[in-house]
Amino acid sequence: MGAGIAHAFLIRGSKVVVVERNEEAARGAQGRVAASVAASFDRGFVGGDSSEVLQRFETSVDYADFALCDLVVEAVPEDEKLKADALRAVSEHLSPNAYLATNTSSLSVSGLAESLARPESFLGLHFFNPVPASTLIEVVVAEKTSEEALAAARRWVSGLGKTAVIVRDAPGFASSRLGVAIALEAMRMVEEGVAAAVDIDNAMVLGYKHPVGPLRTTDIVGLDVRLGIAEYLHSTLGERFAPPQVLRDKVAAGELGRKTGRGFYEWS
């Protein structure tokens, strides 16, 4: 996700730095972003010279390299403590006029803001995979998010050529809450033998014009990610978000979707 966000800003003219946890991860990020940007040029999605774009990109392992940034987007795994620790550490290096955002897909943005010195400059920017191609960004307004921060977020989203959906901070926001609800019911249907995964997905794609069915989407997102979100929504919104046993079993077996080669589908 972080590489996709970097890609989206780079091809729209921004200078981007990605800070990773160690040198190996930084090298990996460098390669992923470079390959993704090059593919956009090769396919004709972007005009010009890819080398010029990549001159505006660097990786680092030092949060101090965020000091000159106008915006920092946190995109670490969906773990509340991990995100809070990363956000707090990053905030210590930002300029007074910089904004900080989280890419969380379900966690409380207001809760993450509690340990920040400037919560008024913090909000949620929930990007969707694949980030360069997706036209949506969910802008999550926390309890202390300022009008200035919201206005800046609208400008960033517009500058990326995407559409902003503005939501109040609530469990799952709008997109995850609705998307996970549909996906969990689809999993229960598989569990109950109502239909095969491909037929359930085709019902939503062909009948409701979803671009991708809920079970294939789950494989792309990652079953472990979906389980984490469902557990959080279950704890905050009640039994309707209880993770089905088939989801727990697949995660326990290491069947996490596309990234492991197997989930509700087989991936080559």
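From a predicted model like this one, the values you see are computed outputs, not experimental measurements.
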Val19: which other cluster members, linking ILVMFWY side chains closer than 4.5 Å, directly or transitively? Val17, Tyr63, Phe66, Val72, Leu87, Val90, Leu94, Leu100, Val109, Leu112, Leu116, Phe122, Phe128, Leu136, Val140, Val165, Val167, Phe173
Within 45° of the axis and under 6.0 Å from the centre of the six-membered ring of Tyr265, does NZ or CZ of Arg216 qualify? yes
Taking the basic N atoms (NZ, or NE/NH1/NH2) and the acidic carboxylate oxygens, is any pair closer than 4.0 Å for Glu20 and Arg27? no
Mind listing the side-chain donor-acceptor pairs of residues 37-46 below 3.5 Å, one per line with the distance, residues two or more places apart or on another chain?
from: Ser40; atom 1: OG; to: His7; atom 2: NE2; distance (Å): 3.0
from: Ser40; atom 1: OG; to: Ser36; atom 2: O; distance (Å): 3.4

If you define the side chain from C-beta out and look only at heavy atoms, does anything of Ser134 sit under 4.5 Å from Asn129? no
Considering non-hydrogen atoms only, spot the tightest contact between Pro243 and Leu227 and give its length. CB-CD1, 3.6 Å
Around atom NZ of Lys144, are there more than 12 heavy atoms from other residues, nucleotides or ligands closer than 6.0 Å? no
Taking only residues two or more places apart in sequence, or in another chain, which ones meet Lys209 in a salt bridge (Lys or Arg N to Asp or Glu O under 4.0 Å)? none
Below 4.5 Å, heavy atoms only, C-beta onward: do Val180 and Leu233 meet side chain to side chain? yes
Nearest heavy atoms of Leu71 and Ala101, plus distance in Å: CD1-CB, 4.2 Å
Salt bridge between Lys81 and Asp85, side-chain N to carboxylate O under 4.0 Å? yes
Sub-4.5 Å side-chain heavy-atom contact between Asn103 and His126: yes
Leu68 atom CG, over 12 foreign heavy atoms within 6.0 Å: no
Verify the distance criterion only: is there a donor paired with an acceptor across the side chains of Thr104 and Glu78 at less than 3.5 Å? yes
Can you see whether Ser51 engages Asp49 through a side-chain donor-acceptor pair at a distance of less than 3.5 angstrom? yes
Of all heavy-atom pairs between Thr260 and Gly254, which one has the smallest distance, and what is that distance? OG1-O, 3.3 Å
Assess Arg12 against Trp156: is NZ or CZ under 6.0 Å from the centre of the six-membered ring, and within 45 degrees of the ring's axis? no
Starting at CG of Leu107, measure out to OG of Ser176 and round the result to the nearest 0.5 Å. 9.5 Å
Scanning both residues in full, the closest heavy-atom pair of Ile200 with Ala195 reads CD1-O, 3.6 Å
To the nearest 0.5 Å, what is the distance between NZ (Lys15) and SG (Cys69)? 8.5 Å
More than 12 non-hydrogen atoms from neighbouring residues, nucleotides or ligands closer than 6.0 Å to CD on Glu24, yes or no? no
Student check: side-chain heavy atoms of Val141 and Leu123 closer than 4.5 Å: no
Approximate separation, where rounding is to 0.5 Å, of Ser14 OG and Arg56 CZ: 7.5 Å
Nearest-0.5 Å distance, CD of residue Glu80 to OG of residue Ser106: 9.5 Å
Can Glu185 and Arg188 be counted as an ion pair, charged N to O under 4.0 angstrom? yes
Would you find more than 12 non-hydrogen atoms of other residues, nucleotides or ligands less than 6.0 Å from Arg168 atom CZ? no
Cationic N near anionic O, under 4.0 Å, Arg248 to Glu231: yes
Under a 4.5 Å cut-off applied to non-hydrogen side-chain atoms, are Thr236 and Phe241 in contact? no
Counting C-beta onward and ignoring hydrogens, is there a side-chain heavy-atom pair between Tyr232 and Ser108 closer than 4.5 Å? yes
To the nearest 0.5 Å, atom CG of Leu125 lies from atom NZ of Lys162 at 12.0 Å
Where is the tightest heavy-atom contact between Glu138 and Ser175, given as atom of each residue plus distance? OE1-OG, 2.6 Å
Quick check: are there more than 12 heavy atoms from other residues, nucleotides or ligands sitting under 6.0 Å from CD of Glu143? no
Side chain to side chain, Leu247 and Leu184, heavy atoms closer than 4.5 Å: yes
Inspect the contact between Arg262 and Asp219 and indicate whether a charged nitrogen and a carboxylate oxygen are less than 4.0 angstrom apart. no
Can you check whether Lys259 reaches Val225 side chain to side chain, under 4.5 Å on heavy atoms? yes
